[in-house]
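Just so you know, ligand 1 is whichever comes first in the structure, and atom 1 is the first atom listed for that ligand.
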Amino acid sequence: MAYDNGSVGGGVKDLYGEDSATEDQLITPWSFSVASGSTLLRDPRYNKGLAFTEKERDAHYVRGLLPPAVFTQDLQEKRLMHNLRQYDVPLHRYIALMDLQERNERLFYKVLIENVEELLPVVYTPTVGEACQKYGSIFRRPQGLYISLKEKGKILEVLKNWPEKTIQVIVVTDGERILGLGDLGCQGMGIPVGKLSLYTALGGVRPSSCLPITIDVGTNNEKLLNDEFYIGLRQKRATGKEYAELLDEFMHAVKQNYGEKILVQFEDFANHNAFNLLDKYSSSHLVFNDDIQGTASVVLAGLLASLKLIGGTLADQTFLFLGAGEAGTGIAELIALEISKQTKAPVEETRKKIWLVDSKGLIVSSRLQSLQHFKKSWAHEHEPVKELLDAVKAIKPTVLIGSSGVGKTFTKEVVEIMASLNKKPLILALSNPTSQSECTAEEAYTWSKGKAIFASGSPFDHVEYEGKVFVPGQANNAYIFPGFGLGLIISGAIRVRDEMLLAASEALAAQVSQENYDKGLIYPPFTNIRKISANIAASVAAKTYELGLASHLPQPKDLVKYAESCMYSPSYRSYR
Ligand SMILES: NC(=O)C1=CN([C@@H]2O[C@H](COP(=O)(O)OP(=O)(O)OC[C@H]3O[C@@H](n4cnc5c(N)ncnc54)[C@H](OP(=O)(O)O)[C@@H]3O)[C@@H](O)[C@H]2O)C=CC1
Ligand SMILES: CC(=O)C(=O)O
Ligand SMILES: [Mg+2]
């Protein structure tokens, strides 16, 4: 269903009829000239491996360059999955998948979409974390765009070097807080690449309109600075004016090159820059910080869904966070906004049942003067408390959320106290990758004697405890950003607002079925993620229209159907 001027297939204009073509309609594989022969086989966008038909082999001069067999895409997928499963080491699976992405893009996305539960932990957390740590050693072909201090003054020219001209989403990092692994400098590139592959696989945004970017301002990671295979600038991080000027040049160049509606997703910046960047550019650009806003939206969705299991309303809960950075304070603020929306109480009031612990202990009013600005609203009246365990005893939370980036911090005592305080304690261990998870699923279920409702940032396997199978959920912003971004794109949004995040949370919570609840799940499985993303996109787009921030007019009647119709399909096209 075309909406405006053939705008289908990931939301950009379908100028060449590639996405609207049915299987029996012919399209031209083009680069700057028509790709043929070995050039065609080496072009990941058009390469089909052994799936070129006899006719295509003649017409495109590839006869003899391929063995005689003709495989369907399904058979290629089967072979790929078979080969991937031979690797015991997750990093080897990651490398194999990146090679596939560089070789045969449509097959990569078909494999990822159809095996999403199995492959998400490979292209995303936890394996992408290890890949970033070893990025220099496993480096083969460059992916994404690198903008370093060396490019200061010519960032616009660098953007123009990127081969694709119609870009809709940029995911950008400066590599300073990669998952819970800290400063990985330029090697953080694995994160924008991985996030954008999910934009396509989970949200249906066309790969050619996604641009991963790493801004390299140096690294303070001594290990990397001394690593002969490190791929980034070998210097300490630029800060202050030098940093701000580079980022400002970048943000201006992006808008100049791609226009007002380019979505810039900030990812894995350290919190001393993340809040400022979001604040600085949210009134002039379409920006979204996934760690602050996407995480908030996914956790709020899980909380709304969890009420079916733990009982009461959101306002009835008491929340305690371990970690008061981007994720922690971002989630806390969105919870407060949702309670305020539901109860009409002012947000200053609704914040009062939300408590946060940072590396110095419970955030209380006596610490106000020394707190970073994003923590100040959470400094409630209370005597100082140093340890998490004592904070749990003092605050008596119904919900415990880990967003510290430090593993093993939800100890046996902490989980036991949560279980003694609550019939069904809700425990979210959000920190990534798995090594940084505040506790494991097994620990949460066994220490709480099967009482906990548990979800984590990185996936855990099912757990058997006293003859019962417990299925942990994955509380990860991957549920939100692909659908959220698609919603912004299809409505032609020009700015992001908190109301859109709330709309995304409510849409995700509404996707949790009774069957999921029966298993103790507060998120739907990722197997249905494209349908989930279409629903999130539709709700976000509807809110964007309602707020008067949409530029694609008129508003499509059925936004869910429209979102689905805009999604990129990875099936091979037939070549004339
Ligand atoms: N599941 C998901 O979707 C997401 C998960 N995350 C994960 O959350 C984690 C944190 O990310 P983010 O919020 O951006 O990081 P930040 O660096 O912004 O925040 C970390 C917070 O944890 C606190 N902290 C660190 N060590 C301890 C400790 N030992 N005890 C108590 N508090 C501690 C810090 O305290 P202080 O302020 O005093 O330094 C800070 O408040 C990461 O592991 C990340 O991977 C992030 C986004 C999404
Ligand atoms: C999931 C994510 O965005 C993070 O851990 O940073
Ligand atoms: Mg992140």
Side-chain angles (χ1 to χ4, degrees), residues 120-121 123-126 128-129 132 171-184 188 190-192 194-195 198 265-276 278 288-302 320-333 356-363 367 370-376 378 385-392 400-411 414 428-438 455-460 472-482 508 523:
L120 207 54
V123 296
Y124 195 52
T125 183
V128 72
C132 289
V171 175
V172 60
T173 188
D174 72 356
E176 194 171 3
R177 197 285 276 139
I178 295 299
L179 307 177
L181 301 170
D183 182 353
L184 297 185
I191 295 294
K195 291 271 176 183
L198 303 194
Q265 174 166 319
F266 293 118
E267 194 69 53
D268 291 9
F269 284 73
N271 63 38
H272 57 96
N273 290 316
F275 288 99
N276 295 342
L278 185 60
F288 167 70
N289 183 303
D290 189 33
D291 301 298
I292 302 171
Q293 298 172 299
T295 314
S297 186
V298 79
V299 172
L300 177 61
L320 180 65
F321 287 78
L322 181 72
E326 294 168 62
T329 61
I331 301 163
E333 186 62 14
L356 294 99
V357 171
D358 66 8
S359 65
K360 297 188 177 65
L362 191 64
I363 297 183
R367 294 180 54 196
S370 62
L371 290 172
Q372 289 133 292
H373 64 92
F374 50 87
K375 293 178 183 167
K376 286 190 190 288
W378 308 102
V385 180
K386 200 109 194 72
E387 300 300 329
L388 175 67
L389 182 63
D390 297 325
V392 175
L400 179 65
I401 301 178
S403 52
S404 61
V406 184
K408 305 266 161 240
T409 36
F410 290 172
T411 58
V414 166
L428 304 180
L430 299 181
S431 294
N432 296 317
T434 316
S435 58
Q436 311 310 110
S437 189
E438 283 78 6
S456 52
S458 299
F460 282 106
Q474 191 174 351
N476 194 295
N477 50 31
Y479 273 111
I480 291 289
F481 69 79
L508 175 56
Y523 293 100

Pull out every atom of ligand 2 sitting under 4.0 Å from any heavy atom of [X], numbered as shown with elements.
{"X": "L179", "value": "4 (C), 5 (O), 6 (O)"}
{"X": "D291", "value": "2 (C), 3 (O), 4 (C), 6 (O)"}
{"X": "N476", "value": "1 (C)"}
{"X": "E267", "value": "3 (O)"}
{"X": "R177", "value": "6 (O)"}

- request: For P121, enumerate each residue passing the side chain to side chain contact (heavy atoms under 4.5 Å, CB included) test, keeping only those at least two apart in sequence or located in another chain.
  value: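 Here the qualifying residues are P126, P459.
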
query: Who pairs with S431 by side chain to side chain contact (heavy atoms under 4.5 Å, CB included), at least two apart in sequence or on another chain?
result: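 Expected list: S404, Q436, E438.
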
query: Are the charged groups of D268 and K195 less than 4.0 angstrom apart, N to O?
result: no

Separation of F410 CZ from S456 OG (nearest 0.5 Å):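 Reported to 0.5 Å precision, the distance equals 11.5 Å.
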
- request: State the CG-CD distance between N273 and E326, to the nearest 0.5 angstrom.
  value: 9.5 Å

Given that the side chain starts at C-beta and the backbone is N, CA, C, O, which of these parts of [X] lies under 4.0 Å from ligand 2, counting heavy atoms, or is it both or neither?
{"X": "I191", "value": "neither"}
{"X": "Y124", "value": "side chain"}
{"X": "T295", "value": "neither"}
{"X": "D268", "value": "side chain"}

- request: Provide, to 0.1 Å, the distance between atom 5 (O) of ligand 2 and the closest protein heavy atom, together with that atom's residue and name.
  value: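 Protein heavy atom with the smallest distance to atom 5 (O) of ligand 2: N432 ND2, 2.8 Å.
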
field: Protein N, O or S within less than 2.8 Å of the Mg ion (ligand 3), waters excluded
entry: E267 OE2, D268 OD1, D291 OD1

message: Strictly distance-based, threshold 3.5 Å: is any side-chain N or O of T295 a donor or acceptor partner for the main-chain N or O of D291?
response: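 Present.
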
field: N or O contact, K195 vs ligand 2, cut-off under 3.5 Å
entry: yes

- request: Answer yes or no for T125: is there a heavy-atom contact with ligand 2 below 4.0 Å?
  value: no

field: Whether F275 and F374 hold their rings parallel, tilted or perpendicular, with breakpoints at 30° and 60°
entry: parallel

- request: Check each protein residue for a heavy atom under 4.0 Å from ligand 1 and list those that pass, ordered by chain and number.
  value: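 Under the 4.0 Å cut-off, ligand 1 touches R177, L179, G180, N271, D291, T295, L322, G323, A324, G325, E326, A327, D358, S359, K375, S403, S404, G405, V406, L430, S431, N432, G457, A475, N476, N477.
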
